Amino acid sequence: MKIILDAGHGENTPGKRTPDETLKEYVFNRAVANFAAPMLREYKGVEVQFTHSDARDVPLKERTDQANRWGSDLFVSIHANSAGGSGWSDASGIETFIYTSNPKDSRAIAEVVQQQMVMATGLRNRGVKLGDLHVLRETNMTSILVECGFMSNHAEAELLKQESYRKTCAGAIVNAIVKHYGLQPIQKLEATKLEKWKIDMALTAMDELAAKGILSDAEMWKKQFQAGEIEKDLPWLMFTLMNRIAK
């Protein structure tokens with residue numbers, strides 16, 4: 001399966017940054033793509049290409065031409081949202097775009113990505129939306145554009161700056177792709193990087209919750225979690241969300 005990861009815009013694209021200019025959107029987009037790519041490559045038959053570049057803002061036509069020429073099966077464009085204008089806004093949450101013709105395959109993967117993103121981040125669910133966007137219109141494959149939070153929202157801008165949040169977004173996108181397409185790990189008996197990411201997130205959350213006095217016996221939970229005595233998918237998400245709510 002050939003997958004394009006497209007980090008939207010470029011580092012110096014005008015206007016694509018937080019109102020206080022402490023975060024450029026491309027820096028976030030690129031980080032999520034960089035975290036997601038090696039996770040995806042842990043699955044059988046998966047190839048990944050980037051359409052963006054650190055050196056320049058790659059034109060949209062060049063991005064879609066590359067994807068079409070390569071014969072990609074899935075195009076995922078990664079973005080951080082903005083409410084418009086030059087100041088801060090109350091607009092918040094996660095949304096995923098597909099083309100205005102509402103293609104069936106794009107709708108299907110977009111729904112799974114949206115669900116996984118909302119579950120992993122705990123942010124508002126803004127739903128799957130239709131948009132006449134170049135990367136959705138001019139690609140010849142299943143295509144989605146994921147908005148991972150608002151740069152124009154002060155609280156979400158702080159999340160977008162955090163490496164842990166970027167890993168969370170990457171993991172959610174990868175988890176959705178794996179679930180939707182039924183991808184199989186290259187080494188079935190060896191933990192994938194996605195699974196390791198879940199474990200690391202849960203252990204970190206347990207330590208932080210203990211430091212806040214919310215979890216009374218973090219070492220017991222960690223021991224049981226690492227020993228496989230409790231199911232991994234629910235605890236990593238539960239502890240991560242508890243820790244985020246407690247901040």
Side-chain angles (χ1 to χ4, degrees), residues 4-37 39 50-60 62-63 75-98 110 113-114 116-129 131-136 143-174 176 197 201 204-205 208 240-241 243-247:
I4 288 285
L5 294 179
D6 171 63
H9 311 295
E11 188 162 1
N12 296 311
T13 305
K16 300 299 182 179
R17 59 201 68 205
T18 54
D20 60 5
E21 300 191 355
T22 58
L23 173 67
K24 296 177 179 178
E25 182 185 347
Y26 176 74
V27 172
F28 169 81
N29 301 341
R30 173 188 61 189
V32 175
N34 285 343
F35 285 130
M39 294 181 190
F50 293 151
T51 52
H52 53 275
S53 169
D54 289 349
R56 63 194 177 100
D57 184 349
V58 180
L60 294 176
E62 191 173 326
R63 297 177 189 234
F75 187 102
V76 180
S77 192
I78 300 164
H79 288 255
N81 217 336
S82 176
S86 58
W88 298 104
S89 167
D90 291 333
S92 63
I94 305 293
E95 58 191 17
T96 305
F97 282 89
I98 60 175
V113 168
Q114 180 70 16
Q116 291 295 317
M117 283 288 293
V118 170
M119 284 178 58
T121 65
L123 298 185
R124 176 189 172 198
N125 187 352
R126 298 174 64 90
V128 174
K129 299 183 177 182
D132 186 14
L133 306 171
H134 180 97
V135 295
L136 304 178
S143 303
I144 64 172
L145 186 149
V146 188
E147 296 280 10
C148 302
F150 277 77
M151 293 187 298
S152 52
N153 179 295
H154 206 285
E156 292 187 5
E158 291 305 310
L159 285 178
L160 294 166
K161 296 175 186 177
Q162 297 175 12
E163 181 175 295
S164 61
Y165 183 78
R166 296 169 182 182
K167 288 181 178 179
T168 295
C169 292
I173 291 168
V174 172
W197 167 82
M201 287 288 289
T204 299
E208 293 183 3
T240 301
L241 290 179
N243 188 40
R244 193 167 300 286
I245 292 168
K247 287 185 177 179

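Fair warning: this is a prediction, and the values are worked out from it, not measured in the lab.
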- Item | Straight-line distance of Q114 CD to R126 CZ, nearest 0.5 Å | 10.0 Å
- Shortest non-hydrogen separation from Q116 to A176 and the atoms involved: CG-CB, 3.8 Å
- Query: Quick one: OG1 on T22 to NZ on K24, what's the gap to the nearest 0.5 Å?
  - Reply: 11.5 Å
- Query: Would F150 and S89 satisfy side chain to side chain contact (heavy atoms under 4.5 Å, CB included), going step by step from the backbone distance to the final call?
  - Reply: CA-CA 9 Å; F150 277 77; S89 167; 6.0 Å; no
- Item | Salt-bridge contact R56-E62 (side-chain N to carboxylate O under 4.0 Å) | yes
- Message: I need the minimum non-hydrogen distance between I94 and V118, along with the two atoms involved.
- Response: CB-CG2, 4.2 Å
- Crowding at CG, D90 (>12 non-hydrogen neighbours, <6.0 Å): no
- Query: Below 4.5 Å, heavy atoms only, C-beta onward: do N12 and D57 meet side chain to side chain?
  - Reply: no
- Message: If you define the side chain from C-beta out and look only at heavy atoms, does anything of L123 sit under 4.5 Å from L159?
- Response: yes
- Message: Testing the basics here: between E11 and D54, what is the closest heavy-atom pair and its distance to 0.1 Å?
- Response: OE1-O, 4.5 Å
- H52 versus N29: any side-chain heavy-atom pair under 4.5 Å? no
- Item | C148 vs I78 side-chain heavy atoms within contact, under 4.5 Å | yes
- State whether a side-chain donor-acceptor pair under 3.5 Å links D6 with T51. yes
- Task: Before accepting this row, confirm whether a basic side-chain N of the pair R166/E163 lies closer than 4.0 Å to the acidic partner's carboxylate O.
- Result: no
- Taking atom CZ of F97 and atom CG of L133, what is their separation to the nearest 0.5 Å? 6.5 Å
- Note on the structure: When every non-hydrogen atom of T96 is compared with those of A110, the smallest separation belongs to CG2-CB, 3.8 Å
- Query: Got a second to check how far L60's CG is from H9's NE2, nearest 0.5 Å?
  - Reply: 8.5 Å
- Message: Using a 3.5 Å distance criterion without hydrogens, assess whether the side chain of E25 forms a donor-acceptor pair with backbone atoms of K16.
- Response: no
- Item | Separation between CZ of R63 and CZ of F75, rounded to the nearest 0.5 Å | 7.5 Å
- Scanning both residues in full, the closest heavy-atom pair of M39 with F35 reads CG-O, 3.4 Å
- Query: Taking Y26 for the side chain and S53 for the main chain, is one N or O donor matched with an acceptor at less than 3.5 Å?
  - Reply: yes
- Drop me the distance from S92's OG to R124's CZ, to the nearest 0.5 angstrom. 5.5 Å
- Message: Between L145 and H79, is the side chain to side chain contact (heavy atoms under 4.5 Å, CB included) condition met? List the steps.
- Response: CA-CA 7 Å; L145 186 149; H79 288 255; 3.5 Å; yes
- Can you check whether A120's main-chain N or O pairs, donor with acceptor, with T168's side chain at less than 3.5 Å? no
- Nearest heavy atoms of C169 and F28, plus distance in Å: SG-CZ, 4.2 Å
